[in-house]
Q: 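This is the structure I have questions about; it appears just below.
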Amino acid sequence: MQEKYNFSEIEHKWQEKWLAENIDRADTSSAKPKFYALAMFPYPSGNLHMGHVRNYSIVDVIARYKRMQGFEVLHPIGWDAFGLPAENAAIKNQTPPVDWTWRNIANMRRQLQEIGISYDWEREIATCHPEYYRWTQWLFLEFYKHGLVYKKKAAVNWCPSCATVLANEQVVDGVCERCETTVTKKDLEQWFFKITDYADILLEDLDKLPGWPEKVKSMQRNWIGRSEGVEASFPLEGQAENLTVYTTRFDTIYGVSYVVLAPEHPLVRELVKGTEYEQDVLAFTEKMKGLNEITRTSTEIEKEGLFIGKYCLNPMSGERVPIWIANYVLLEYGTGAVMGVPAHDDRDFEFALKYGLAITPVIQDPACPPEKKEQPLAAAYIDEGIMINSREFDGLPNEEAMEGMADEAERRGVGQRKVNFRLRDWLISRQRYWGAPIPMIYCPKCGTVPVPADQLPVLLPTDVIFKSGVNPITTSESFVKTRCPLCDGEAERETDTMDTFMCSSWYYLRYTDPRNQEAPFSETAVDHWMNVDQYVGGVEHAILHLLYSRFITKGLRDFGYLKVDEPFENLLTQGMVCMDGSKMSKSKGNVVSPEEIIERFGADTARLFILFAAPPERDLEWSEQGVEGCYRFLNRVWRLAVQYRQLVQTGAAQERLFKDLDNPAKEMRRQTHLSIQRVTTDIGLRFNFNTAISAIMELVNALYLYKEQPGFTLEVTQEAMETIILLLAPFAPHMAEELWSELGYSGSVHTRPWPQAAQEALIQDEKTIILQVNGKVRDRIQVPAAISNQDLEAKVIALGKIPEWTQGKAIVKVVIVPGKLVNLVVKG
RNA sequence: GGGCGAGUGGCGGAAUGGCAGACGCGGUGGACUCAAAAUCCACUUAUCGUGAGAUAGUGGGGGUUCAAGUCCCCCCUCGCCUACCA
């Protein structure tokens, strides 16, 4: 055994051995209970960053710990390999995306192997591999077959720079998430997944996920945005048609003083046609179109609107109501038309004030003093109250009136209760090359025809030209020109590819059976491994990826391919890796490369630091000195092993008897088992790896001191050393493995059972009791652990410094917390 | 505007309602050394005190409790998400 900790040599040696033997292979037919540990798979950008290292280290600790606990662990890795950067790189360097991507994967695979994550490499997948995207296409067809995929012309978010459509989720502050170009609107025929059919169940089933952070669930709830309201029909004056509005405050219907439409609302053109208002209205609409998403939807911008010269009738009161258009009404939500109730809505209030529209209160604020009741409102009153100015509903609490009014509207056929969602259907078309082609064919005779499943995959063509602003796939004649599967006539292929969120919405299923050539996965494999027991990734995927994955899982369940309702049983969202207070990123120039750290300190140190510096959910502040501290700690463990080598080796495999231990030995042994207990709960129950590591550090510190004791006990020392190595195995797998073999143990430390805390070792003969007077700590005493409360009380009152504090005062109460504390409450 | 977090030493961070600051970093002192580095040991919230110790102390203010960093109410600051959703 070398005197010095040579991490580089050790790490490479074991990495090669583990890989050659694939010791982390997951066996589907194993009799052990299964555990599926999963990190969100990476985009192969070319290099691993610290965020990856953190993510994978967290999951690796869990995976290794579970293996030692006797579970058969599935811990796979793969590549979310389709996407824009490959294509941009292709344009820039004139290399095909496929080459760029595979080169990046090769490099990142090597980097992953250098941090010693315990993956089953035989299950590695890449979404850009035809054997993978073949099944992504199959998935598309399955959803199509079940009526959950459709094509429609839609005003879509268009990024002029990427020349593609973006999902709402990919537009951030009105600019493209990827290239930060301002997004515009464009009318295009697009493929959609009908996720809205699943809106209710996606919302409801969030309650089935106690293992998810509340934060993520609430983000999904808000995104789905379920609301209950009424769709009311306002008859248009002098026309047969109705104007439909959606409202969640039908109780305020008698307070309507105007109705307002989104400028793009199709009725607007019709209503103003040939009137004196036409020109102004069209000009206003054009102006709105010209504004980008941010300005348009910003609450900061002043409300602006225009009367369009027409009226409709309030379906409840029959009152004549002017029709307006305004910038604050969104076409996409509800019916694109809103009833304006200035007295009880902040936005309507602001609008009415500006344009001098009537403000009629219909709900009385109970807190409003009587003398103010007749005065004009200073602000909209949006809370509960008693109805006024609402005919037969006057005097009722507004919640009650809401029900009555809705009943009446339904009876009279002028309104209908309606549940509305903010969630839109999922637009999956992308006018890009580097993605899974949508398996559809357009035949002049037969129309839109799906590619038969046995003809999959629809391969990406290679005879394409890459240039900015054009979908390269359309430049491949061999791809576009095809034959109709039905009539064999000349036909054309769909040239759009799928949103990469499609590829990542089912990869966790493919891992269960990654080499299956007949199906995306076999029933046996998927039923055996699903659900994912622990999923770990960044909170940035809280909405999109996780919602789409839940949707796809529910669809496949409904089609009969799966049994599970939800894909991810437990979710952990890890914090960012920061430096100097802000997220490590290339643009900020505050990045530390994992490779550099591994070269200088080794993978075990890098892993240990990243797990020790903060609990996993929280942001982590990178600290060079912190890294050195962890390196020092591992060296300290190494030196301990070097010193004890001879001693431990002689007893490595033997049964140990702990008889006639002296006090220091008992204390050392207690420390050992206490550490086992703490590390076990910290990893298994709390995911607090930072405190788990500090518990191991304490054990190491205790052993350093114990060895200085005259006549220390061999068995106790052996047990402590062995425990340190076992507890360290999930965190610093290379060092643990090396020490395990150097100290004469056989086999891999990673296949050893996790140590168990022996209860008898934790028992103390004596305990320290805290003595308080009126809640303040005044003294502490050593007492036999088995002391009775009476004896303890008597002892406390008489002994130590306590009489000093109770002198001349009456003890009114004695609180005893057994084994811990005595509090005397005194008076006078 | 709304939602969710978080405020604890010089720093990262610990504390099932029961000794605030574990562990690590940094700092101080000592040992080893010709010397330095490394290592090992000890100390390290502030104020007062030679000392034993005392007092204060977890963003601010109230409250519940024998006992509050922890539970309840109000307020302040910071971070993230979301945003005219009718």
Side-chain angles (χ1 to χ4, degrees), chain A residues 4 173 213-219 221-223 225-227 229 245-250 252 260 262 294 296-301 303 326-330 332-341 344-348 350-351 420-423 539-540 542-543 575-576 578 581-583 608-609 612-615 617-630 632-633 635-636 639 678 681 688 690-701 704-705 708 768-780 801 812-817 819-826:
Chain A
K4 203 175 159 290
D173 286 341
E214 236 5 90
K215 183 184 170 180
V216 173
K217 287 191 276 187
S218 104
M219 282 166 81
R221 279 190 197 103
N222 290 338
W223 191 262
R226 185 181 194 274
S227 72
V245 304
Y246 173 75
T247 178
T248 54
R249 292 299 304 272
F250 198 62
T252 63
V260 58
I294 337 170
R296 174 69 195 282
T297 59
S298 160
T299 23
E300 307 297 304
I301 199 173
K303 303 207 180 336
N327 58 350
Y328 76 95
V329 180
L330 307 173
E332 302 87 49
Y333 186 76
T335 61
V338 175
M339 59 185 218
V341 187
H344 304 291
D345 182 284
D346 288 328
R347 295 155 301 180
D348 298 346
E350 188 190 330
F351 193 72
N420 221 340
F421 293 95
R422 207 190 82 116
L423 183 70
V539 74
E540 65 273 17
I543 301 173
M576 298 183 297
C578 299
S582 62
K583 185 184 173 166
L608 200 69
F609 169 74
F612 178 64
E617 320 78 35
R618 233 190 288 177
D619 287 352
L620 177 155
E621 177 68 22
W622 187 265
S623 150
E624 178 83 23
Q625 284 161 335
V627 177
E628 283 167 19
C630 287
R632 261 202 295 271
F633 167 70
N635 275 287
R636 216 164 128 82
R639 283 190 298 271
R678 281 175 57 192
T681 50
N688 278 7
N690 54 334
T691 50
I693 293 167
S694 69
I696 303 173
M697 288 172 167
E698 283 178 79
L699 180 56
V700 170
N701 291 346
Y704 259 87
L705 295 183
E708 300 304 320
T768 306
I769 302 291
I770 306 305
L771 306 185
Q772 297 184 332
V773 178
N774 285 346
K776 294 201 176 198
V777 180
R778 294 306 181 193
D779 202 358
R780 57 207 63 189
K801 295 177 210 134
V812 292
K813 195 172 176 182
V814 180
V815 181
I816 298 179
V817 181
K820 271 192 184 153
L821 160 150
V822 177
N823 187 15
L824 303 176
V825 186
V826 300

Q: When you match A/Asn690 and A/Leu824 each to their closest nucleotide on RNA chain B, which lands nearer the 5' end?
A: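 The residue closer to the strand's 5' end, by nearest nucleotide, is A/Asn690.
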Q: Please name the pair of heavy atoms, one in A/Val777 and one in A/Arg780, separated by the smallest distance, quoted to 0.1 Å.
A: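 In this case the closest contact between A/Val777 and A/Arg780 is CG1-NH2, 3.6 Å.
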Q: I need the CZ-P distance between A/Arg618 and B/rG7, as an integer number of Å.
A: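 Nearest whole value for this atom pair: 6 Å.
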Q: Testing the basics here: between A/Ala262 and A/Leu330, what is the closest heavy-atom pair and its distance to 0.1 Å?
A: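 So the two residues come closest at CB-C, 4.0 Å.
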Q: Look at all strands and tell whether A/Ile696 reaches a base, only sugar-phosphate, or nothing, counting heavy atoms closer than 4.0 Å.
A: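 If one applies the 4.0 Å heavy-atom cut-off, A/Ile696 turns out to touch nothing in the nucleic acid.
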Q: Name the nucleic acid region contacted by A/Ser623, choosing base, sugar-phosphate or nothing; use a 4.0 angstrom heavy-atom cut-off, strictly under.
A: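 Answer is nothing: A/Ser623 stays at 4.0 Å or more from every strand.
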Q: What pairs with A/Arg422 under side-chain contact (heavy atoms from CB on, under 4.5 Å), at least two apart in sequence or on another chain?
A: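 Counting only residues at least two positions away or on another chain, A/Arg422 forms a side-chain contact (heavy atoms from CB on, under 4.5 Å) with A/Trp223, A/Tyr333.
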Q: To the side chain of A/Arg347, which of B/rG18, B/rA86, B/rA15 is closest?
A: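 For A/Arg347, the side-chain atoms sit closest to B/rA86.
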Q: Of the candidate nucleotides B/rA56, B/rC85, B/rC19, which contains the atom at the shortest distance from the side chain of A/Lys776?
A: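 Nearest to the side-chain atoms of A/Lys776, counting from C-beta on, is B/rA56.
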Q: Nearest-Å distance, CD1 (A/Ile816) to P (B/rG18)?
A: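 It works out to 18 Å between those atoms.
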Q: When we call it a touch if two heavy atoms are under 4.0 Å apart, what does A/Gly629 touch: a base, just sugar-phosphate, or nothing?
A: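 A/Gly629: backbone/sugar contact only, no base atoms under 4.0 Å.
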Q: Which nucleotide wins on minimum distance to the side chain of A/Val825, given the candidates B/rC66, B/rG26, B/rC19?
A: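 The answer is B/rC66, which lies nearest to the side chain.
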Q: If only atom types and distance count, is the side chain of A/Asn690 paired as donor or acceptor with the main-chain N or O of A/Ala614 below 3.5 Å?
A: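 Such a contact is absent between A/Asn690 side chain and A/Ala614 backbone.
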Q: So do A/Asp345 and A/Phe351 actually touch side chain to side chain, heavy atoms under 4.5 Å?
A: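 No. Closest side-chain heavy atoms not under 4.5 Å.
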Q: Look at the side chain of A/Arg422 and decide which nucleotide, out of B/rC19, B/rA83, B/rC23, has an atom nearest to it.
A: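 The answer is B/rA83, which lies nearest to the side chain.
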Q: Which nucleotide, B/rG18, B/rA86, B/rC23, lies nearest any side-chain atom of A/Glu698?
A: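 That would be B/rC23.
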Q: Using the C1' atom in both, what is the distance from B/rG1 to B/rG63, to the nearest Å?
A: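 30 Å, rounded to whole Å.
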Q: When the nearest nucleotide of RNA chain B is assigned to A/Ala695 and to A/Arg249 on a heavy-atom basis, which residue is associated with the more 5' position?
A: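 Nearer the 5' end of the strand: A/Ala695.
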Q: Taking atom P of B/rG24 as reference, at what distance in whole Å does atom CG of A/Leu620 sit?
A: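 About 18 Å, once rounded to whole Å.
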Q: Atom CD1 of A/Ile769 and atom C1' of B/rC19: how far apart are they, to the nearest Å?
A: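 From A/Ile769 CD1 to B/rC19 C1': 12 Å.
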Q: Picking from B/rG18, B/rC4, B/rC25, which would you name as closest to the side chain of A/Lys215?
A: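 Output: B/rC4.
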Q: Measure from the side-chain heavy atoms of A/Tyr704 and tell me the nearest of B/rC25, B/rC40, B/rC84.
A: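 From the listed options, B/rC40 comes nearest.
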Q: With rounding to whole Å, what would you report as the distance between B/rA15 and B/rU8 at their C1' atoms?
A: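 Result for the C1' pair: 10 Å, nearest Å.
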Q: Got A/Asn327 and A/Lys303 here, is their nearest side-chain heavy-atom distance under 4.5 Å?
A: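 Answer yes - side chains close enough.
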Q: Check this for me: does any side-chain nitrogen of one of A/Glu214 and A/Lys217 sit under 4.0 Å from a carboxylate oxygen of the other?
A: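 Looking at A/Glu214 and A/Lys217, the cut-off is met.
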Q: Of all the nucleotides listed (B/rC23, B/rA86, B/rA14), which has the minimum atom distance to the side chain of A/Tyr333?
A: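 Nearest listed nucleotide: B/rA86.
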Q: Over all heavy atoms of both residues, which pair between A/Asn774 and A/Asn823 is shortest? Give the atoms and the distance, please.
A: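 It is N-OD1, 3.4 Å.
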Q: How close or far is atom P of B/rC85 from atom CG of A/Asn222, stated in whole angstroms?
A: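 Computing the A/Asn222:CG to B/rC85:P distance gives 12 Å.
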Q: Tell me the interatomic distance from A/Asn420, atom CG, to B/rA86, atom P, rounded to whole angstroms.
A: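 About 8 Å, once rounded to whole Å.
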Q: Considering only side-chain heavy atoms of A/Lys813, which listed nucleotide, B/rA86, B/rC80, B/rC66, is closest?
A: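 The answer is B/rC66.
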Q: B/rC4, B/rU16, B/rA20: which one has an atom nearest the side-chain heavy atoms of A/Val777?
A: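 Comparing B/rC4, B/rU16, B/rA20 against the side chain of A/Val777, the answer is B/rA20.
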Q: Taking all heavy atoms of A/Thr335 and all of A/Val245, pick out the closest pair and write down the distance.
A: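 Between these two residues, the closest heavy atoms are OG1-CA, 3.4 Å.
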Q: When you compare B/rU45 with B/rA35, how far apart are their P atoms, in angstrom units rounded to a whole number?
A: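 Straight-line distance between the two P atoms is 32 Å.
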Q: Just how far, in rounded Å, is C1' of B/rA22 from CG of A/Leu699?
A: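 Rounding to the nearest Å, CG of A/Leu699 and C1' of B/rA22 are 15 Å apart.
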Q: Would you mind classifying the nucleic acid contact of A/Gln772 as base, sugar-phosphate or nothing, using non-hydrogen atoms under 4.0 angstrom?
A: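 Result for A/Gln772 = base.
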Q: In whole angstroms, how far is the C1' atom of B/rC25 from the CZ atom of A/Phe609?
A: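 For the pair A/Phe609 CZ and B/rC25 C1', the rounded distance is 9 Å.
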Q: Please determine if a side-chain N or O atom of A/Arg636 lies less than 4.0 Å away from the OP1 or OP2 oxygen of B/rC40.
A: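 Yes, because at least one side-chain N or O of A/Arg636 sits under 4.0 Å from OP1 or OP2 of B/rC40.
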Q: Contact class for A/Asn701 (heavy atom, under 4.0 Å): base, sugar-phosphate, or nothing?
A: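 Sugar-phosphate only.
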Q: Whenever both distances are under 3.5 Å in a Watson-Crick or G-U wobble pair, mark it; put RNA chain B into dot-bracket that way, with [ ] for crossing pairs and | when the partner is on another strand.
A: (((((((..(((.....[....)))((((((.......))))))((((....))))..(((((..]....))))))))))))....
Q: In whole Å, what separates the C1' atom of B/rA83 from that of B/rG27?
A: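 Taking atom C1' in both B/rA83 and B/rG27, they lie 48 Å apart.
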Q: Is B/rG9 syn or anti, taking syn as a glycosidic angle within 90° of 0?
A: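 That one's syn.
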Q: Is it the case that B/rC84 (base atoms only) and A/Lys303 (side chain only) share a donor and an acceptor within less than 3.5 Å, ignoring hydrogens and angles?
A: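 Donor-acceptor pair under 3.5 Å: yes.
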Q: Could you tell me which residues satisfy side-chain contact (heavy atoms from CB on, under 4.5 Å) with A/Thr681, sequence neighbours excluded, listed by chain and number?
A: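 In terms of side-chain contact (heavy atoms from CB on, under 4.5 Å), with neighbours along the sequence ignored, A/Thr681 is linked to A/Leu685.
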Q: Taking atom C1' in both B/rU28 and B/rC75, compute the distance separating them and give it to the nearest angstrom.
A: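 Rounded to whole Å, the distance is 41 Å.
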Q: Expressed as a whole number of Å, how far does the P atom of B/rG21 sit from that of B/rC80?
A: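 About 33 Å, rounded to a whole number of Å.
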